[in-house]
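Let me begin by presenting the structure, written as structure tokens, before commenting on it.
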Amino acid sequence: MTTGFSEQETIRRNSLQELIKAGINPYPPDTFEVNVKAAEIRKNFTANCSLYQQASMAGRIMSRRIMGAASFVEIQDESGRIQLYVKRDDICPGEDKTLYNTVFKKLLDIGDIIGVTGFVFITQMGEITIHVKSLRLLSKSLRPLPIVKEKENTVYDAFTDPEQRYRQRYVDLIVNPEVREVFIQRNLLINSMRQYLASKSYLEVETPILQPLYGGAAARPFKTHHNSLDMTLYLRIANELYLKRLVVGGYDGVFEFSKDFRNEGMDRFHNPEFTQMELYVAYKDYEWMMKLVEEMVEKIALDLHGTTEIKVGENLIDFKRPWKRFTMFEVIQHFTGIDIEGKTEEELVAIAKKLEVPLDTTMAKGKIIDQIFGEKCEPFLIQPTFITDYPIEMSPLAKKHRTKDGLVERFEAICNGKELCNAFSELNDPIDQRERFELQLELGKRGDDESMVLDEDFLRALEFGMPPTAGLGIGIDRLTMIMTNSSSIQDVLFFPQMRPETRG
RNA sequence: GAUUCGCUAGCUCAGUAGGUAGAGCAUCGCCCUUUUAAGGCGGGGGUCCUGGGUUCGAAUCCCAGGCGGAUCACCA
């Protein structure tokens, strides 16, 4: 054979032809009536009960134990696995035993999707099982599945190669049930958050992903081109500036679950596309927003786990309100013993050097402080903690602090050593905003390739007047990682970004 | 991008002075009508990631490249 198929693939393709010859459509077009799921049976069925005498269910064959004229098969549907008992004389009541002897035993394989009807009973070994009365092929599988076995909570031959798991997520989902669970949790999390926001009567909106100017965050963008307009467009790095335009427009509470794109390095916390939820509420400030974040995240933990305490790696993280709060200066003093308040740029450089915090020449005062915080404080903040009052230089969209010179009304929540969200009292003074953009342009000239660009239309919107507004951005992938105890962002994305597959 | 580890059958892995490859499961054949990592007997299956080099001979040693993981740098 010069087909390029493996032995097992060839055998399955031959079986497919045999099925067709036997008059069986391996991919039948009609519906199969399912009246119960595996988990439902396993949950409700007890010895001698009269439930599920006419069970009809469909799923994928995951294992087979053939004992001559009777067989045990495990099939898996969306809800889990259940055992089938397939007896020759039951599925072949007449003289013709072809369905069992040939079709079932020879032509069906692990991985095939079948539909069965029968009654539920419990075997001598105590396993809840469907005694099959009829069996039908619903879809033939042409590739061998990895066979994962388990006994006494030990898993054998687990499908673990991360490259294959991420590239062929469908296989990962079939054979690794805990993976499926992570994405169910992700969906519950998003639903919980959406429900919380909807209950406050905020409006869920959609804003452009393709933007002529990228803004709202400090990051490098992806660049693309629109043919008809013959213009450069950028994939959004944040939705902040568009959402604020909507607040100018008169919506007092808007939020968006958004895919954002940043053209930067990848590691276990970063994928080029990721999901954020951004929220803007008029007539509120960052103090108010902290309360909202605590309440919302606590609710999510309760909705997902029924408790505020979540095990993440070695740590037990408690989302119970209220969370600890420190100002940026306080937390730096706490971890380094140095009070950096009121220090000049030169003094800060010296302090960073003393603390062995690496700097580069493009870093101005704000970035140096952020760097010290990132090196010396952030990794050690395990329990959810609000850090407040950031230097103005690193927050060009935040409002100046009402009492503290040189600072803005901003907070981040840190959890498990990583930023969970970022929020501030939004800058709504258009004159100040223009000056801040101009400062960013200066930083750009100095070599900071993440500095923001000036958005004239956004300034025009602000000039019409934006109410005082509190804004929030919260990383959905990061929050999902914490809530599902996942150590890599790739484990909470169905299809993490990968280089193209190569074949030698 | 840097450092480091890995890449051998469908899956998980072994391969030990360099002598042209092995196990378990899966697969194929036979036996077995309540088994469960079913069992018994027998069989097949591999561009050893790719390309060079050293050598009589390379999965194994050397060089270059590909892909992935981990750590670091930038960032959420």
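Reckoned from all heavy atoms, side chains included, excluding hydrogens, waters and symmetry mates. In what follows, every chain begins at residue 1, and chains take the letters A, B, ... in the order their sequences are listed.
Below 30°, between 30° and 60°, or above 60°: for H131(A) and F119(A) the angle between ring planes is below 30°, a parallel geometry.
Here rG68(B) is the nucleotide among rA37(B), rG68(B), rC11(B) with the atom lying nearest to any side-chain atom of E163(A). Nearest nucleotide to the R167(A) side chain, out of rA76(B), rC13(B), rC67(B): rC67(B).
At most 12 non-hydrogen atoms from other residues, nucleotides or ligands lie less than 6.0 angstrom from CD of Q54(A).
Across all strands shown, Q371(A) has heavy atoms under 4.0 Å from sugar-phosphate atoms exclusively, and none from any base. Counting any heavy atom pair closer than 4.0 Å across all strands shown, G475(A) reaches no nucleic acid atom. Residue T160(A) is classed as a sugar-phosphate contact, given heavy-atom separations below 4.0 Å to backbone atoms only. Using a 4.0 Å heavy-atom criterion, one finds that F159(A) contacts the sugar-phosphate atoms exclusively. Within 4.0 Å (heavy atoms only), A217(A) reaches no atom of the nucleic acid at all. Residue E378(A) is out of contact with every strand shown, counting any heavy-atom pair closer than 4.0 Å.
Here rA17(B) sits opposite no nucleotide as a Watson-Crick or G-U wobble pair (both hydrogen-bonding atom distances under 3.5 Å). Figure legend. rA38(B) is base-paired to no nucleotide; pairs are counted as Watson-Crick or G-U wobble with both atom distances under 3.5 Å. rA64(B) is paired with rU50(B) under the criterion used here, namely a Watson-Crick or G-U wobble arrangement in which both key atom distances are under 3.5 Å. Across all strands shown, rA9(B) forms no Watson-Crick or G-U wobble pair with both distances under 3.5 Å. Across all strands shown, the partner of rG1(B) is rC72(B), judged by Watson-Crick or G-U wobble contacts whose two distances both fall under 3.5 Å.
Between the CZ atom of R13(A) and the P atom of rG10(B) there is a distance of 14 Å, rounded to whole Å. As rounded to whole Å, 16 Å separates atom C1' of rG44(B) from atom CD of E9(A). Distance, D172(A) CG to rU12(B) P: 11 Å, rounded to whole Å. Residue D161(A) contributes atom CG, which lies 19 Å from atom P of rC5(B) at whole-angstrom precision. In this structure, R165(A) atom CZ and rU12(B) atom P are separated by 11 Å, rounded to whole Å. Computed from coordinates, the R499(A) CZ to rG69(B) C1' distance equals 13 Å when rounded to whole Å. Whole-Å rounding puts the D370(A) CG to rC74(B) P distance at 10 Å. Atom C1' of nucleotide rA9(B) and atom CD of Q164(A) are separated by 13 Å, given to the nearest angstrom.
For rG57(B) and rA17(B), the C1' atoms lie 15 Å apart once the distance is rounded to whole Å. Atom name C1', nucleotides rA58(B) and rC49(B): the rounded distance is 16 Å, in whole Å. Here, rG45(B) and rA26(B) have their C1' atoms 11 Å apart, quoted to the whole Å. The same atom, C1', is picked in rG10(B) and in rU16(B); the two are 27 Å apart, to the nearest Å. A distance of about 45 Å separates the C1' atoms of rG68(B) and rC31(B), rounded to the whole Å. Across the P atoms, rU50(B) and rU35(B) are found 47 Å apart, a figure rounded to whole Å.
Take the nearest nucleotide of RNA chain B for M498(A) and for M266(A): the residue whose nucleotide is more 5' is M498(A).
Put simply, Q490(A) has no side-chain N or O that comes within less than 4.0 Å of OP1 or OP2 on rG68(B).
Qualifying salt bridge (charged side-chain N to carboxylate O under 4.0 Å, His left out) partners for K244(A), counting only residues two or more places apart in sequence or in other chains: E240(A), E426(A). Applying the salt bridge (charged side-chain N to carboxylate O under 4.0 Å, His left out) rule to R236(A) yields the partners E256(A), D260(A); only residues at least two apart in sequence or on another chain are considered.
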Inset, instruction - Sugar-phosphate means primed atoms, P, OP1 and OP2; the rest is base. With that split, encode nucleotides 24-35 of chain B 5' to 3' as B, S or - using protein heavy atoms under 4.0 Å. - result: BSBSSSS-BBBB

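A centroid separation of less than 6.0 Å is found between the aromatic rings of Y85(A) and F72(A).
Of the N and O atoms on the side chains of Y52(A) and N44(A), at least one donor lies less than 3.5 Å from an acceptor on the other residue.
Contact of the V171(A) side chain with the R143(A) side chain is not registered, since no non-hydrogen atoms from C-beta on lie closer than 4.5 Å.
Judged by the 6.0 Å and 45° rule, R478(A) forms no cation-pi pair with F274(A).
Partner L472(A) forms a side chain to side chain contact (heavy atoms under 4.5 Å, CB included) with one of M277(A), Q276(A), M290(A) and no other, that one being M277(A).
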